[in-house]
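Since the structure comes first, as structure tokens, the remarks are kept for the end.
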Amino acid sequence: MTMPSLSSLSRTDFSCHTLVIGAGPAGSAAARMLAQAGVDVLLVDQQPMGRDKVCGDGLVPDTHHALRRLGLLDQVLAQARPVTHIGCIGPRGGRVDVPGELAVLPRKALDEILARGAVDAGARFLAPCRFEGVLEDASGRVTGARFKHGDQSVEIRASWVLLATGANPKPLQLAGVCERHTPSGVALRGYVHAPALVEQMPMMDMVWSRAVRPGYGWIFPAPGACFNVGVIVADSHRTLSSGKGAKKDLNLRAIFDAFCKHYPPAATLMREGRLTGELKGAPMRFTLNGARWSRSGLMVIGEAAGTTYSFTGEGIGKAMETGMLAAEALIASRGAAPQGDAQVREHYEQGLRKLQPRYRLYERANRVNALPWLADLVVWRAQRSQSVLSRLSGVLNETSNPGNPFSLKGMKRLFLD
Ligand SMILES: Cc1cc2nc3c(=O)[nH]c(=O)nc-3n(C[C@H](O)[C@H](O)[C@H](O)COP(=O)(O)OP(=O)(O)OC[C@H]3O[C@@H](n4cnc5c(N)ncnc54)[C@H](O)[C@@H]3O)c2cc1C
């Protein structure tokens with residue numbers, strides 16, 4: 001496998017058919033699919049391959065599905081910690097275990113498998129290269145991008161650019177597609193090494209309580225006798241913009257400490273385990289909001305386009321799915337006439353519009369984060385009704401509608417079923 005550095009490239013190498021900026025799940029999935037179809041792809045990242053990414057590392061069913069489509073699921077599962085259930089825990093301590101196709105793998109390992117998967121399929125990979133702005137022709141169509149590589153400025157020309165730079169708003173602004181600077185949510189996580197607790201904590205626990213409102217805390221069992229433990233605040237953009245000084249009030253570390261105090265297994269983990277590395281926070285962008293999805297010559301994919309779910313903060317699977325959607329739009333346009341530009345964008349945006357109802361329903365389900373007593377209610381019912389539990393499992397596995405359990409109609413069904 002070749003891993004070219006810029007200095008080893010000749011001037012003519014600074015062009016390609018599709019330039020993918022950002023080698024996270026969205027960018028690498030797009031690059032792999034395009035390269036498999038014989039498209040000349042260049043995948044660029046500001047960090048070398050094998051970088052870390054602040055995440056809960058939970059691989060939920062849509063991630064499994066996307067990895068299967070890419071032909072990388074077995075490789076990922078060979079390194080991941082398999083999990084059979086998500087434990088949903090209400091503020092009063094009641095719990096229901098929802099079955100699903102689940103696993104946990106730190107992003108350092110997952111993203112390396114994905115980026116290598118793109119290179120193995122024939123994509124070129126360049127790093128570290130920081131995106132600094134787009135190149136445009138006289139009509140304003142994007143024709144490539146400018147990067148900083150050490151002290152060097154580099155221009156890469158491309159027929160298409162895919163922007164896959166995640167939740168950071170700066171690249172969106174540089175590409176002229178940013179519609180909202182603030183994040184939709186923020187989250188904090190740490191790794192705790194605790195071999196003695198591995199048997200006791202086999203599930204991915206999601207815990208709702210007033211201590212974390214509006215959000216939840218989690219403990220996910222990772223490989224190597226480690227646990228990924230963290231908190232998410234789901235509506236930080238509202239909290240942060242809700243008045244003078246509001247930003248100061250959102251102290252993620254204090255929320256994390258309150259979660260550990262509230263949830264006894266988290267307290268045990270922090271007391272008996274060893275925190276490896278620092279607690280780290282990161283922003284998130286939800287519900288397909290906050291950025292234009294495309295402009296002439298450029299498509300925005302993954303979390304840059306707001307692909308993370310609001311209720312749960314899960315986004316790896318949908319990032320890959322939208323990367324593949326953009327790749328499919330480009331592959332389908334091969335050999336098309338010049339008006340292909342509009343067709344490609346429409347193909348992609350139509351695919352995103354099809355996903356919108358699911359995002360809206362997750363937005364409604366997000367009420368549980370603001371009103372954690374709703375979690376008590378759902379847990380209480382799911383403990384008593386197989387059909388309610390099946391519905392929750394359907395939400396997790398994306399085989400049923402996520403909004404229903406939390407709408408008025410859904411609440412009625414919850415009690416009358
Ligand atoms: C604390 C936390 C916990 C989470 N837990 C989960 C979970 O358990 N399960 C789940 O499914 N999702 C989870 N998510 C969401 C998930 O992390 C994102 O949805 C996912 O990473 C989005 O993938 P992406 O490829 O769009 O972006 P990213 O993974 O962010 O990748 C973006 C890439 O772009 C590169 N880049 C950025 N700027 C530039 C630039 N200027 N120039 C060049 N390259 C650049 C970055 O280096 C990076 O490699 C969590 C998020 C957080 C913050």
Side-chain angles (χ1 to χ4, degrees), residues 19-31 43-64 66-67 83 86 102-108 110-112 114-115 125-133 145-149 154 156 162-175 183-190 204 206 215-220 222 228-234 236 252 256 279-286 291 300-310 312-323:
L19 172 62
V20 183
I21 308 173
S28 294
L43 178 61
V44 173
D45 203 283
Q46 65 183 358
Q47 296 189 59
M49 197 180 280
R51 58 113 182 90
D52 198 8
K53 156 78 176 86
V54 175
C55 188
D57 307 328
L59 310 182
V60 294
D62 69 346
T63 305
H64 286 241
L67 288 168
V83 179
I86 287 192
L102 306 160
V104 180
L105 182 64
R107 290 291 298 277
K108 199 168 158 38
L110 176 74
D111 289 23
E112 181 157 358
L114 288 168
F125 181 80
L126 282 179
C129 257
R130 197 177 68 240
F131 170 60
E132 296 262 288
R146 279 194 321 279
F147 294 88
K148 201 83 181 163
H149 172 62
V154 180
I156 300 177
L162 301 183
L163 192 70
T165 43
N168 180 354
K170 181 86 187 291
L172 291 169
Q173 287 176 311
L174 293 170
S184 334
V186 287
L188 178 91
R189 69 98 174 98
M204 289 168 65
M206 293 169 67
Y216 68 87
W218 74 80
I219 301 177
F220 292 170
N228 183 315
V229 52
V231 290
I232 171 172
V233 176
S236 59
L252 271 179
F256 180 86
L279 292 172
K280 285 190 182 161
M284 304 164 110
R285 294 175 79 88
F286 299 154
V300 185
I301 60 176
E303 194 160 20
T307 52
T308 299
Y309 278 139
S310 55
T312 56
E314 294 154 358
I316 302 169
K318 285 289 168 287
M320 285 192 276
E321 212 172 304
T322 55

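Order of listing sets the numbers, starting from 1, for every ligand and every atom in it. Because the structure is predicted, anything quoted here is derived from the model rather than measured.
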Considering [options] one by one, which has a heavy atom nearer to [atom] than any of the others?
atom: atom 16 (C) of ligand 1; options: K148, R107, M204, K280; answer: R107
atom: atom 4 (C) of ligand 1; options: G56, A164, P128; answer: G56
atom: atom 14 (N) of ligand 1; options: G313, S28, P48; answer: G313

Contacts of type salt bridge (charged side-chain N to carboxylate O under 4.0 Å, His left out), residue E314, not counting sequence neighbours
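Here no residue qualifies.
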Do [X] and ligand 1 have an N or O pair less than 3.5 Å apart?
X: T308; result: yes
X: G315; result: yes
X: Q46; result: yes

Which residue and non-hydrogen atom of the protein lie closest to [atom], and at what distance in Å?
atom: atom 30 (O) of ligand 1; answer: K53 CE, 3.4 Å
atom: atom 22 (C) of ligand 1; answer: E303 OE1, 3.6 Å
atom: atom 25 (O) of ligand 1; answer: A26 N, 2.9 Å

Working for side-chain contact (heavy atoms from CB on, under 4.5 Å), residues F131 and L163
CA-CA 10 Å; F131 170 60; L163 192 70; 3.9 Å; yes
Going by heavy atoms, is [X] under 4.0 Å from ligand 1?
X: R51; value: yes
X: D45; value: yes
X: M320; value: no
X: F147; value: no
X: G230; value: no

Roughly how far, to the nearest 0.5 Å, is CD1 of I156 from NE2 of H149?
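Rounded to the nearest 0.5 Å, the NE2-CD1 separation comes out at 10.0 Å.
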Quick one: which ligand 1 atoms are inside 4.0 Å of a heavy atom on G302?
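Those qualifying, in numeric order: 26 (O).
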Pair up each side-chain donor or acceptor in residues 50-62 with any protein partner under 3.5 Å, not counting sequence neighbours, and list the distances.
unit_1: R51; atom_1: NH1; unit_2: D111; atom_2: OD2; d: 2.9
unit_1: R51; atom_1: NH2; unit_2: D111; atom_2: OD2; d: 2.7
unit_1: D52; atom_1: OD2; unit_2: R189; atom_2: NH2; d: 3.3
unit_1: D57; atom_1: OD1; unit_2: R107; atom_2: N; d: 3.2
unit_1: D57; atom_1: OD2; unit_2: Y191; atom_2: OH; d: 2.4
unit_1: D57; atom_1: OD2; unit_2: N228; atom_2: ND2; d: 2.8
unit_1: D62; atom_1: OD2; unit_2: K318; atom_2: NZ; d: 3.1

